[in-house]
Structures are given as C-alpha cells and as structure tokens.
K.L.:
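Would you mind keeping the following structure in view while I ask a few things?
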Amino acid sequence: MNDFLSPFLSDGLVIQRDASFPVWSRKRITVVFLGKTYESKSVNGKFLIMLDPACAGGPFTMDISSDDEKVTIRDIYSGDVWLCAGQSNMELMMQRLRDDFSEEWDDVNRNNIAVNKSDINFSLIRQFKVPQQWDFAAVRDDFSGGCWQKAAENTLHEFSGTAWFFAKEMHKKYRVPVGLLMTAWGGTPIESWMSKEALADFPEKTAEGMQYADAAVREETVKNAAFAIQEWEQKLLREDSGIKNNWKDPGTDIREWEDITLPGDFADSGIKSFCGIIWLAKDIEIPADFAEKDAKIWLGTIVDSDTVYVNGTEVGNTGYRYPPRKYPVKKGILKPGKNRITIRVICNNGEGGFTRDKHFSLFADNQESRGAEISSQPASPRNFCLELAGTWKRMIGCSAQTRPGEFFFQRLPFGNYNAMIAPVLKYPLKGVIWYQGESNDSSSGSYAQMFTSMIQDWREKNGCSGLPFFFVQLPIWKEISDNDENSSWAAIREAQKAALSLPATGMAAALELGEWNDLHPLNKKGVGIRLFLAADRVLYGAENSSPGPTVKGFNVKDGKLHISFDNCADGLYAKDTAYVSVLCDEGQIRAPVAITGKDVISADLSAVSNPKKILYAWADNPRDRQLFNSAGLPAIPFRIILT
C-alpha cells in the first residue's frame, strides 16, 4: 500500500474517456501510461500530472514511480464515470434486493464466464465506495480510503441497486465500461451535500455546520448523546421483566398474556404512545418433515428494534426500524408439533408496531414467501409456508421515557460535501445520478433553491458548466390520500421538476414505483431504467418519452378545462378513471377527466363555482395518479393556478 497516491488510483480504476485525467501525488512522480511518459509539476503543495484523453477501452496498466517507490496500477479501463449521490435510496445495496432480483446474480455469473470482446461484459461495471465521512473544518482534496470493485457474483451485493440497474442499461446499449463513484449516505438532507458557497443564501445553515468545526465541541456532543442513550438502554435491561423471567423460553406460560393482532401498529391494540419493551409470542404447529429443513422467517419491518427467538434460540435481530426482518431458521431449531416464536420489541418514541402489507410468514428455505400458497392442509416440506398474521400474545416487559435522540453529524450542512463530494469533483465525470429528498420533507419550501444551487455549484467546482445531472423524483409514501396542497412530498416533487429548467438535466419519475409502507421501495430496477432513459435522451438524443407526460399548457373554454402534455409517446392512457382536484369556493372537488386527444385531457368545470387551482397526484401518496403514456411512464404531478 503506497502512501503518496489517492486510493482512487488503484487496480480496477475507471477513468473518464475522452477527457484529460489528473494524477495527483504527495511526491514528485513519473507516470507511464499508454506508451507515453509524463513528469509531474508542483501545484498547491502537491504534484500533478494531466494524462492525455483516452478513448474507451482497456485493460491498461499505469506505472507510477517516485524517487523511492514504484507502483503499477492494473486492469484500468477508460469509459464513463458517474457520481452517484444522495441518501439511503441511492445507497441501498443489491443485497437488500436479492430476494426480488436474484436473476441479477445469475446474469453476472453467466456473463463473466462466457464473455468475449463482442459481448456485454458486466465486469466492466465497477464501483468505488467513497468512505462515509464528514468534515466541518476544511474541504478535503482526497479520500481516506476505498477501492474499486468490479461486478461479480461475489461483489454484486455491495453495489447500489439504483446505480447498478442504471449502469447495466448504459453498458448493454453502448458497450462502454462504467465507473460508479458511490457517495450516498442514509438520512442525509440536501444541505449536507452542499458547499458553503452553495449555501450562501442560507447563512443559518452554514452557521449550523460551522459550530462543529471545533473538535472539542464534536467530542462533547457525541459524549453527551452516547451517555444519555446508554443510560436509557441500561435502564431497559435492568427493568425488563422478560429478561428477568426468561420469556424467550418456549416453556413460558403465556395464557394470561393479552391478545394482539399482528401485523399492525401497537396503538391499534390499545398500546398508545408506548415507549419501552413489549414481548410477543405465538405458538405454531410444524409438520415433522418440515422440522428437519432449513427455514426462513420474514416479519416485514418493525418499529423500532427487535430480537426474534424460535423455541428459545435467537434467529436474528435488527437495531432500527427500516431494514426488512428476514431471518434464517437453521435446521434443528424447529421441531415436529408445537413450536413458539417469541419477539422482543423495543419501542423508542411511541410509534411501535409491525408494518402492514409485508410478508409475514415462516417458510421453507428453498422458496420465497411471496410465492407460497397458504393451505390449511398438511403441506410437503418443500412448499410448506405458514402465515403468521393474526392473533399473537403480548406482555409489557417494561415502560420507559422516550429514547434520547442520536446525533448524526452527517446530517449537518456542508460536512459531507467537504469530505465526500469535493474530492470527486477533481476528476472528469460523465455525469451525476442523484436520489434524495426524503429527509427534506420538513423544509420543502426551500428545496428548489437549494437543489438548483447545488447542481450549479457542483458544475462550477468540477469545471464543467454542462455537467449532466439526472435525478429521481420521489415515489409515493405513507397511507393513500386525496390531493393535499400542503403535502411536503408533493412540494419536493415540484421542486425537483423545477430543476429541469437547468440545461443538461433529466428526471426519473418514480411515483408508482414506491411502496406506501416502506421508505425504501424495492423496485430499484424501475428507477435505474428510468434514470437511464433520462440520460439516454439528454446525452445521446434517444427518442424516448422520459420523464413522462408533463404539462405543456392549459385553457378553459365554455366551462371545460383542457390540459395538454409533452412526452406522451404514442398517447396518453388511464389505468382507471382519472381524476384531478379542483380548489374552488366550495373547497376541494374531485373531478373526473377524460382523454380527449393523444396528448390532451379535459374536465368539465361548468358546475364548479370559481375554480382556482387544479391538483393532480398532489399528495405524499395520492389516490389519483391514473395517467400514463403508452411507454408506461407516469404523468408528472402538477399544480395549475387558474386564477
């Protein structure tokens, strides 16, 4: 391991084709690359070489030598390099998607075995994970670590799902190596990815970040938060009757425990605003043949953390609410006849429960829960699946105050930019893909300005005023509802759409790709493909209808509203009767619309008193989102002001 080159310069490197590539060093160096020798020059206390542009291709080697060291970087390709940024839905790895997209591993394995020069070669899709770090004191010029990974059966699980599906489409069509620079971090608001210069119009944000430039302040903040959480957790351990009395033991008498229906919110069963520990138990009958097999238990997602036992043996635990609970039940844990599942749930802030409409079952390890048929008759061990929804038993282990909050430095302004984005922007890029916005729902009013400011600032820092920037418009989330002009997610979607006014931008409309009950929807294939469509149209002039039907204009004539759209492909269609909401003197009216032309919808407003605004798909999870184009892309949510 050398100490004078960036970790970015390592085996498997992908450099941007047709662009000069900078090689930075902490020593004076000589580089030999593609038959040419380069000598470094001193620049701002470091040494720099600018390599001549290289056409797409590889593999290449690069020899780098200083007075006392020599390094050879192998397996280099010239292709397209993408900065992949945002929060958890960009970060979410293929491992989380494996049960839904297992064929991706088969594709990669088959491809990497049979590849030849004329074939698609998925090993030419590579990812570099930028270390998740922040810095409030200085803008960094390099990464602290990281390495390049090429897509393979044993590495694909670490790739971003969104970025993988995007890169896969790009590589399949253009046969060019693809480098993915992964800079996403869950739970982060947009301001954490903005430089102080980009935040110039938001001095309160800059001030918030600056107070943590002092290491002593950071240390004290972390110490206080950690101490409070530790005290809270230790109190639970001391007072939990379930721990004291070993309720995980399947011999525990649960006849006097109260009934509870799962899945569902604990509040629905009368346990309202509860913080503390609740134990849940259910007895099940298992056929003898199935008891001899490996199994899985899927419990959806749980608020907040859990430990699951089967017949007293722990089979899994998760420390926070969002990951799906998919736990293995190894052979020998189950037994013929009566078995007991026991779950210890910690509720942090009064919102405890099991998410509804998730897979909630125990099943054979060689099948998937979603495909299993539930039967009241004995089943073969191969297809056995036991639905776990219904009546369980519950008992309070102990009650507590609300759990003290954790402190997340990565959620503060400009820290992530300084440590993770600034070093990337030194390198030439093909473009940016961005999936973020969920963590700004409480400040949606300022999102449009921050988003455009960030895009323009990144372009300036990268030295490319037209750096292509493609982003995901937020999908549905939460319970379905009528249109609501005050919806924060609708406001974020509108702000994201506004960024299309900037040149070289494109949007992937993900509205119907979401899941009402999951902040991390699994259909990242659909998202990645739609990002590809946006990029393909902007970069290569592809004839597609990305991002989907977008309002072009409107008029009201003889009491009828007519709205025309761009990006309709072969025409609009509605999956069911389509509706808009009309804001008027009477309040809000749900009005049906008809498709009256290839790219036009119409609504009769003749009976509406003083219509003022029209809303479509304008809620966190709008009931009315029925319009699509012939290519299957959803109509972009809109708000029209009539008067």
Side-chain angles (χ1 to χ4, degrees), residues 228-286 295 297-330 332-335 337-355 358 360-362 386 388-404 406:
I229 291 170
Q230 183 181 39
E231 286 288 297
W232 189 84
E233 292 176 344
Q234 289 179 346
K235 183 175 185 293
L236 291 185
L237 284 173
R238 290 194 304 269
E239 297 182 1
D240 182 5
S241 297
I243 295 292
K244 294 176 182 177
N245 298 303
N246 198 27
W247 287 349
K248 71 177 183 180
D249 188 326
T252 299
D253 186 354
I254 60 173
R255 289 174 296 176
E256 299 302 317
W257 290 22
E258 295 186 48
D259 289 346
I260 186 171
T261 300
L262 297 179
D265 296 337
F266 292 158
D268 295 339
S269 296
I271 313 171
K272 297 181 178 179
S273 303
F274 175 76
C275 299
I277 295 174
I278 182 169
W279 289 75
L280 306 137
K282 186 178 183 71
D283 291 332
I284 57 175
E285 292 290 325
I286 297 295
I297 185 169
W298 285 12
L299 300 169
T301 55
I302 302 173
V303 182
D304 287 279
S305 60
D306 65 282
T307 305
V308 178
Y309 306 91
V310 176
N311 292 330
T313 298
E314 181 178 335
V315 297
N317 67 84
T318 303
Y320 66 111
R321 65 171 63 189
Y322 293 118
R325 275 54 169 186
K326 297 181 176 181
Y327 300 138
V329 183
K330 297 298 183 182
I333 294 178
L334 294 170
K335 61 183 181 180
K338 180 181 173 182
N339 293 255
R340 178 170 293 173
I341 301 170
T342 307
I343 307 173
R344 179 181 185 258
V345 177
I346 300 177
C347 303
N348 295 342
N349 57 12
E351 298 176 350
F354 288 63
T355 305
K358 292 283 188 181
F360 202 70
S361 57
L362 175 72
L386 182 66
L388 298 176
T391 302
W392 285 60
K393 291 291 188 177
R394 61 97 168 171
M395 179 65 76
I396 301 297
C398 66
S399 298
Q401 299 296 315
T402 301
R403 184 180 188 268
E406 295 182 60

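Below, each value reflects all heavy atoms present in this structure, side chains not excepted, and no hydrogens, waters or symmetry copies. Just so you know, residue 1 is the first one in the sequence shown, and it goes up from there. In this text the structure is predicted, and so the values were computed from the model without any measurement.
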K.L.:
Please report the closest heavy-atom contact between Cys347 and Ile278, naming both atoms and the distance.
P.N.:
SG-CG2, 4.3 Å
K.L.:
Less than 4.5 Å apart, side chain to side chain, heavy atoms only: is that true for Thr313 and Lys330?
P.N.:
no
K.L.:
Out of the candidates Trp247, Trp279, Trp392, only one should pair with Trp257 under the ring pair (Phe, Tyr, Trp, His ring centres under 6.0 Å) rule; please name it.
P.N.:
Trp247
K.L.:
At what distance, to the nearest 0.5 angstrom, does CD1 of Ile277 lie from CG of Leu237?
P.N.:
6.5 Å
K.L.:
Apply the test side chain to side chain contact (heavy atoms under 4.5 Å, CB included) to residues Val329 and Leu334: give CA-CA distance (whole Å), side-chain angles for both, the deciding distance (0.1 Å), then the verdict.
P.N.:
CA-CA 8 Å; Val329 183; Leu334 294 170; 4.0 Å; yes
K.L.:
More than 12 non-hydrogen atoms from neighbouring residues, nucleotides or ligands closer than 6.0 Å to NZ on Lys338, yes or no?
P.N.:
no
K.L.:
So how far is it from Leu388 CG to Phe354 CZ, rounded to the nearest 0.5 Å?
P.N.:
10.0 Å
K.L.:
For a quick test of reading the model, state the closest non-hydrogen atom pair linking Ser269 to Thr261 and the distance between them.
P.N.:
OG-N, 3.9 Å
K.L.:
Answer yes or no: is there a donor N or O on one side and an acceptor on the other, between the side chain of Lys282 and the main chain of Thr391, under 3.5 Å?
P.N.:
yes
K.L.:
Evaluate the side-chain proximity of Val303 to Phe266: yes if any heavy-atom separation is below 4.5 Å, no if none is.
P.N.:
no
K.L.:
Taking NZ in Lys248 as the centre, count heavy atoms belonging to other residues, nucleotides or ligands within less than 6.0 Å. Is the count above 12?
P.N.:
no
K.L.:
Walk me through whether Leu299 and Phe360 qualify under side chain to side chain contact (heavy atoms under 4.5 Å, CB included).
P.N.:
CA-CA 5 Å; Leu299 300 169; Phe360 202 70; 3.7 Å; yes
K.L.:
Testing the basics here: between Leu236 and Cys398, what is the closest heavy-atom pair and its distance to 0.1 Å?
P.N.:
CD2-SG, 3.6 Å
K.L.:
Ignoring hydrogens, what is the shortest heavy-atom contact between Val345 and Asp304? Give both atom names and the distance.
P.N.:
CG1-N, 4.3 Å
K.L.:
First locate atom CG of Asn317, then atom CZ of Arg325, and finally report the distance between them rounded to the nearest 0.5 Å.
P.N.:
9.5 Å
K.L.:
Rounded to the nearest 0.5 Å, what separation is found between the CD atom of Glu231 and the CD atom of Gln401?
P.N.:
14.0 Å
K.L.:
Is any side-chain heavy atom of Thr342 closer than 4.5 Å to one of Ile254?
P.N.:
no
K.L.:
Hey, what do you get for CG (Leu386) to OG (Ser361), rounding to the nearest 0.5 Å?
P.N.:
8.0 Å
K.L.:
Less than 4.5 Å apart, any side-chain heavy atom of Arg403 and any of Ile229?
P.N.:
yes
K.L.:
Just verifying a value: how many Å separate Ile341 CD1 and Leu280 CG, rounded to the nearest 0.5 Å?
P.N.:
11.5 Å
K.L.:
Regarding Asp306 and Arg344, does a basic nitrogen lie under 4.0 Å from an acidic carboxylate oxygen?
P.N.:
no
K.L.:
Which atom pair, heavy atoms only, marks the closest approach of Ile333 to Asn311?
P.N.:
O-ND2, 2.9 Å
K.L.:
With a 4.5 Å heavy-atom cut-off, do Asn339 and Leu362 have their side chains touching?
P.N.:
no
K.L.:
Can you give me the closest heavy-atom contact between Lys393 and Arg255, atom names plus distance?
P.N.:
NZ-O, 3.9 Å
K.L.:
State whether the side chain of Asp249 and the backbone N or O of Gly251 hold a donor-acceptor pair below 3.5 Å, judged by distance alone.
P.N.:
yes
